[in-house]
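So the structure is just underneath, and the comments pick up after that.
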Amino acid sequence: MASPATPTCTVTFQPLGKRARVADGTTLLEAARLAGVGLNGVCGGTGTCGTCRVHVVTGPVSPPTANETALRMEGLRLACETRLLGDAVVDVPPASMTAPQRAQVEGRERPVELAPGVRSYDLTLAPPTLDDLRADSHRLRHALQHVHGVQVQTLHPAVAGQLARMARAADWRIRAIVEGDEVLAVLPDAATPLGLAVDVGTTKLAGYLIDLASGETLAAAGAMNPQIAYGEDVMARITHAMADDVHPAELQRLLAAGIDHLCDELCAAADRDPSEVVEAVLVGNTCMHHLFLGLPVRSLGAAPYVPVLSEPCHLRAAESGLHLAPAARLHLLPVIAGFVGADHVAMILATGIHESTTVTLGLDIGTNTEIVLAAGGRLLSCSCASGPAFEGAHIRDGMRAAPGAIERVRLAAGAAGAPVLEYQTIEDAPPVGVCGSGVLDAVAQMLRAHILEPTGALRDGSHPRVRVTENGPEMVLARKGERDAPRDVAITRSDVNQLQLAKAAIRAGTQVLLERAGLAEDQIERVIVAGAFGTYLDVGSAIAIGMFPPVASARFQQVGNAAGMGARLCLLSEPHREAAQRVAAAVSYVELAGNPDFTDAYTSALMFPTAATED
Ligand code: FES
């Protein structure tokens with residue numbers, strides 16, 4: 001018989017694909033650590049914080065414990081309380097992963113049948129001789145027609161230049177990349193054509209370098225949108241663009257340079273060259289879309305907020321200042337309205353909300369939050385300004401999700417009566433600030449522990465960590481010196497207020513769409529939450545503060561950067577690009593500006609739900 005320490009079970013953690021061989025009776029949390037899976041564990045594995053939730057897909061495990069019953073697990077299990085009794089497959093939701101690991105799965109890819117617009121043709125050209133004085137371009141056209149039956153009409157001079165260099169360096173063996181009747185690039189004969197998918201956010205750019213032959217994502221990376229120097233939200237950019245005639249071109253150049261830089265970084269990571277990128281798909285909100293195309297944005301800055309152009313755009317990448325393959329094509333998906341852009345179309349496409357047969361709510365949370373409701377064959381969308389609080393901005397000790405940011409907070413029952421504060425920092429580094437998910441958790445926990453009034457006011461003396469300063473009471477999450485913290489990290493009344501503004505906008509937008517569809521909140525069967533912050537937030541905390549409607553947490557799906565994934569789909573499949581047009585045409589846009597229903601819903605959503613403070 002095997003000794004207790006002998007590994008007898010194999011556990012596989014999805015979607016990371018990591019495995020461990022462990023002894024029977026090992027907890028999933030221990031197994032995850034052995035497998036190198038970064039699972040949250042704010043309480044240190046005592047079964048009280050609920051941050052280590054996982055889904056056991058297959059395999060025998062121990063029955064639910066009293067702690068799990070108390071935490072209402074909705075089909076999930078606490079990894080620290082669940083013991084393996086045999087081989088198992090376990091799915092780790094993004095919200096249960098620590099930040100470094102989450103980055104590995106950001107934007108889960110949906111399988112797609114490859115149908116890119118470009119085709120690759122391998123050719124061995126006849127070298128010129130004194131008896132064969134044809135131009136290089138002629139050799140290429142001739143070979144394409146006679147070897148592959150492909151007739152090309154257009155050969156950009158820059159492609160001819162690339163052909164001349166490439167053919168002579170590679171003994172006249174080349175790969176021609178063709179779209180329609182045009183040669184887009186000439187590559188070495190073994191090189192696969194590359195595609196670039198970019199989600200252009202107001203704050204951040206998310207880029208994906210994709211092998212167009214295999215569909216594989218070779219590299220993914222994020223970068224700041226360099227336009228951030230001219231304001232952190234869309235309105236600030238519009239104001240800047242309108243302040244001087246030279247500003248729009250400046251903003252356009254900055255954005256193109258930022259995308260170029262990101263592409264260089266992606267290519268370096270994949271050991272490829274930007275000149276091999278033959279096609280790109282960009283998605284972004286309507287303001288980013290217009291600024292990138294050099295279109296006027298005045299009409300986006302004032303009612304009735306109409307876009308200048310909503311149709312899909314197809315142009316040469318070089319026309320927009322991108323340095324890709326000489327004749328690389330660039331596609332911008334259609335936009336829906338002044339504040340609902342191509343990123344929303346891409347998100348709907350990637351999540352399949354447009355094909356949903358159940359009442360489905362989709363939220364893409366960012367500085368602006370776009371919301372879509374699919375019900376009864378209709379798609380209703382709106383956009384609300386949710387501000388930068390979720391990025392850690394406008395929060396006194398706020399920071400982006402980087403090492404040292406407090407990302408999870410729990411108040412557990414303490415022996416002395418007052419709840420004990422537990423927190424987790426990104427990479428377990430000394431606490432230096434708090435990021436969006438940490439602020440959300442902290443406020444939800446403060447509500448549950450009666451430290452906060454439903455109005456958002458902190459109650460004096462409600463917890464040993466609440467201290468009174470000249471600006472009013474604040475809740476200290478980390479004290480200077482604790483876990484080597486260089487300074488105190490606290491949540492102030494004003495921080496709580498920032499969160500109230502953001503969550504009220506999201507909830508009110510949701511309510512307006514539901515009212516338009518004649519539905520109540522409890523009729524929502526599925527909630528898809530996209531965007532970096534949306535993917536890693538604790539759904540329970542978001543419900544507790546009233547940001548999300550109080551439907552069962554099992555109905556929520558957190559899907560990562562769905563807009564980026566939609567851009568990837570459109571890069572790999574022309575039918576998806578066509579579907580994007582149908583989605584944009586099918587969406588009924590609901591304007592919230594000046595909408596009295598929204599104003600009423602927003603005002604009442606500013607308060608926190610009293611249920612959160614009633615235990
Ligand atoms: Fe499992 Fe806290 S680590 S509940």
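Sequential numbering from 1 along the given sequence is applied to the chain's residues. Order of appearance sets the numbers: ligands from 1, and atoms from 1 within every ligand.
- Atoms of ligand 1 lying under 4.0 Å from any heavy atom of G47, numbered from 1 in the order shown and given with element: 4 (S).
- In summary, R77 and E68 engage in a salt bridge, as defined by a charged side-chain N under 4.0 Å from a carboxylate O.
- Each of V372, L373, L513 was checked for a side-chain contact (heavy atoms from CB on, under 4.5 Å) with L379, and the lone residue meeting it is V372.
- Near G45, meaning under 4.0 Å from one of its heavy atoms, ligand 1 places the atoms 3 (S).
- A salt bridge does not link R465 with E474: none of the charged nitrogens is closer than 4.0 Å to a carboxylate oxygen.
- One finds no salt bridge joining D199 and K204 here, because no Lys/Arg side-chain nitrogen approaches an Asp/Glu carboxylate oxygen to under 4.0 Å.
- The T48 neighbourhood of ligand 1 comprises atoms 4 (S), with distances under 4.0 Å to a heavy atom of that residue.
- Formation of a donor-acceptor pair under 3.5 Å by the S437 side chain with backbone atoms of L537 is not found in this model.
- Protein heavy atom in closest approach to atom 4 (S) of ligand 1: G50 N, 3.2 Å.
- Set against the non-hydrogen atoms of C52, the atoms of ligand 1 under 4.0 Å away are 1 (Fe), 3 (S), 4 (S).
- Proximity to C43 (heavy-atom distance under 4.0 Å) selects the following atoms of ligand 1: 2 (Fe), 3 (S), 4 (S).
- Counting atoms of ligand 1 from 1 in the listed order, those under 4.0 Å from a heavy atom of C80 are 1 (Fe), 3 (S), 4 (S).
- Side-chain atoms of S383 come within 3.5 Å of backbone atoms of F339 as a donor-acceptor pair (strictly under, hydrogens ignored).
- When non-hydrogen atoms are compared, ligand 1 lies under 4.0 Å from neither the backbone nor the side chain of N67.
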